[in-house]
Protein chains: 2
Amino acid sequence: MTSSEQPRRRGRPTAPLLSQEKITSAAVELIELRGYSALTMAALARQLGVAPSALYNHVSNKHQLLRWIQDHVNREIDCSDFEVRPWDAALEAWAHSYRDAYARHSLLVPVIAVTPIAGSPHTVAMYEKVAAGLRAGGWPDDQVMDVVVAVESFVLGSALDAAAPDDIFDVPADQAPVLARVVGARVGRDAARAAFDLGLATVLAGLRDRLRALTP
Amino acid sequence: MTSSEQPRRRGRPTAPLLSQEKITSAAVELIELRGYSALTMAALARQLGVAPSALYNHVSNKHQLLRWIQDHVNREIDCSDFEVRPWDAALEAWAHSYRDAYARHSLLVPVIAVTPIAGSPHTVAMYEKVAAGLRAGGWPDDQVMDVVVAVESFVLGSALDAAAPDDIFDVPADQAPVLARVVGARVGRDAARAAFDLGLATVLAGLRDRLRALTP
DNA sequence: CAGGCTAAATGAGCGACATTCATATTGTCT
DNA sequence: AGACAATATGAATGTCGCTCATTTAGCCTG
């Protein structure tokens, strides 16, 4: 069934076949269809009906492509609550939305954590809203980023954890009796979700206390 | 200076040149010397004075090698406090030690988070101590792992954050004025460390509250 | 309107890796 | 002594990201 693929035209086409938007969308589609391991430059080019080398006229390398994808994913994160609800409720909703997005893109987590945000407009917009919300909620300037980073660290760690297999802590009871026991005590639930919920509730409670202590 | 490398003997040597211990140590040494990007199977073999293919008689693939390294790194994590101090103090010390270890091995973080611990003896031993400490501290069986995973998520997220460049949040003030302002308000400090300390203190405060509410 | 510059595509091919395989050698077990 | 298993070598393979020379077409300028 090798279909009749007429050899494509060389040279500059009438209208450009590629753009940042098209490349990013195709990459995200590919990831959602077949996972991150399927995201190769060759596969992406194929998806776009283009030769692999053509991509490099638009994106400098695969790492930059991942940053585009990251910014695309960040667009899905909901931080509208910061404009209409108290800081702690908004932070909770943001954290949930953030975790869910990256549970589906856990391979991006190590990329996010290390990449300057400046080149990513949606990402910058997100942090701007979060920072404004915390400041409006009474947090002092010099602690806002610490709060953001702390919560974000927990969120990204949890996103990684969400990608783990359910039996990650399974262990023979004779090797580690206490561990086997407490691991057994949480079967049935969505373990990663439960840990995230407990952790987030804990963090929020701690933050409320801390802010209260700051502003008597 | 291409030194006189006599062609090495083929076939089985009198004493095995390789073992899990030797391979892992050499890999860790290589990483500490030249970073993770230098950890290739060829470079590792070279470090051990052996042909690359010889490694595959001992380790099934690079991913398994990373798991050996992970277990090796976990051996450095200090969790002795769980046997001699209150659960919250021990948890704090553990988290610090854990973060510091993986700040130096952040490339392993996505591997840890997803790999079953069963094949890693030091890792199992670590969790056993932590679980026993929390249980002894009064935490109910069905919440111990949630606490462990929540703290671990924060720790691993923070370890990733520690590997980020200092200027990761730098942004033109006209694009995101509030963000620029709060980012500017924390210059001078070790930002990642400050966020970790704030977050850990917050989590511990929240956990103490929670346990107190459970056991009146 | 001719000539040149630039954008954007093609396809060949390179180098870095992880991994596999046929083969050789040697210690150990029967 | 002979068979087998363990452990090394080195050649080869396949996948990838990426580069480069080349081609083509639109646009700008004199």
Side-chain angles (χ1 to χ4, degrees), chain A residues 2-27 30-31 34-70 107-108 110-111 115, chain B residues 2-27 30-31 34-70 107-108 110-111 115:
Chain A
T2 57
S3 73
S4 60
E5 289 163 10
Q6 59 221 2
R8 274 189 301 274
R9 218 173 70 255
R10 294 181 62 120
R12 179 180 191 168
T14 305
L17 300 175
L18 299 179
S19 66
Q20 172 169 346
E21 172 59 26
K22 281 177 189 162
I23 291 173
T24 308
S25 301
L30 196 54
I31 289 162
R34 288 178 235 162
Y36 269 94
S37 63
L39 180 66
T40 68
M41 298 304 270
L44 178 57
R46 196 162 183 217
Q47 177 102 352
L48 288 157
V50 133
S53 53
L55 294 169
Y56 290 89
N57 286 315
H58 300 265
V59 67
S60 60
N61 50 41
K62 188 171 181 179
H63 194 255
Q64 183 171 78
L65 171 64
L66 291 179
R67 283 190 258 131
W68 288 357
I69 297 172
Q70 179 212 323
L107 203 134
L108 286 182
V111 181
T115 311
Chain B
T2 56
S3 73
S4 61
E5 289 163 11
Q6 58 220 4
R8 274 189 301 274
R9 222 174 65 255
R10 295 181 63 121
R12 179 181 193 170
T14 302
L17 300 176
L18 298 178
S19 66
Q20 172 168 347
E21 173 57 27
K22 283 177 188 163
I23 292 174
T24 308
S25 300
L30 197 55
I31 289 162
R34 287 179 235 161
Y36 268 94
S37 64
L39 180 66
T40 68
M41 298 305 269
L44 178 56
R46 195 161 183 218
Q47 177 104 353
L48 287 157
V50 134
S53 53
L55 294 169
Y56 290 88
N57 286 314
H58 300 265
V59 66
S60 59
N61 51 42
K62 189 172 183 179
H63 193 258
Q64 183 172 75
L65 171 64
L66 292 179
R67 282 189 260 129
W68 288 356
I69 297 171
Q70 177 213 324
L107 202 134
L108 285 182
V111 180
T115 310

Roughly what angle, to 10°, lies between the helix axis at the start of the helix from C:dC1-D:dG30 to C:dT30-D:dA1 and the one at its end, five pairs per end? 0°
Where is the tightest heavy-atom contact between A:Leu107 and A:Tyr36, given as atom of each residue plus distance? CD1-CB, 3.6 Å
Of all heavy-atom pairs between B:His58 and B:Trp68, which one has the smallest distance, and what is that distance? O-CH2, 3.4 Å
Say you draw a straight line from CD of B:Gln70 to OG1 of B:Thr24; how long is it, rounded to the nearest 0.5 Å? 11.5 Å
What pair of heavy atoms forms the shortest contact from A:Ala43 to A:Ala38, and how long is it? CB-O, 3.5 Å
Does any non-hydrogen side-chain atom of B:Leu44 lie less than 4.5 Å from one of B:Lys62? no
On DNA chain C, check which nucleotide each of A:Leu18 and B:Pro13 is closest to and give me the residue with the more 5' one. A:Leu18
Using a 4.5 Å cut-off on heavy atoms from C-beta on, say whether the side chain of B:Ile69 contacts that of B:Leu39. yes
What is the distance from CG of A:Leu48 to P of C:dA8, rounded to the nearest Å? 15 Å
Would you say that A:Leu48 contacts A:Leu17 through its side chain, given a criterion of any heavy-atom pair below 4.5 Å between the two side chains? no
Output the rounded distance in Å from CG (B:Leu66) to C1' (C:dT19). 15 Å
Does OP1 or OP2 of C:dA7 have a side-chain N or O of A:His58 closer than 4.0 Å? no
note: B:Gln64, atom CD; C:dA18, atom P; distance rounded to Å ~ 15 Å
Inter-residue atom distance A:Met41.CE - A:Leu55.CG, 0.5 Å rounding: 5.0 Å
Does the D:dA8 base have a donor-acceptor partner in the side chain of B:Asn57 within less than 3.5 Å? yes
Nucleotide by nucleotide, 5' to 3', does protein get under 4.0 Å of the base (B), only the sugar-phosphate (S), or neither (-) in nucleotides 15-22 of chain D, counting heavy atoms? -SSBBB-B
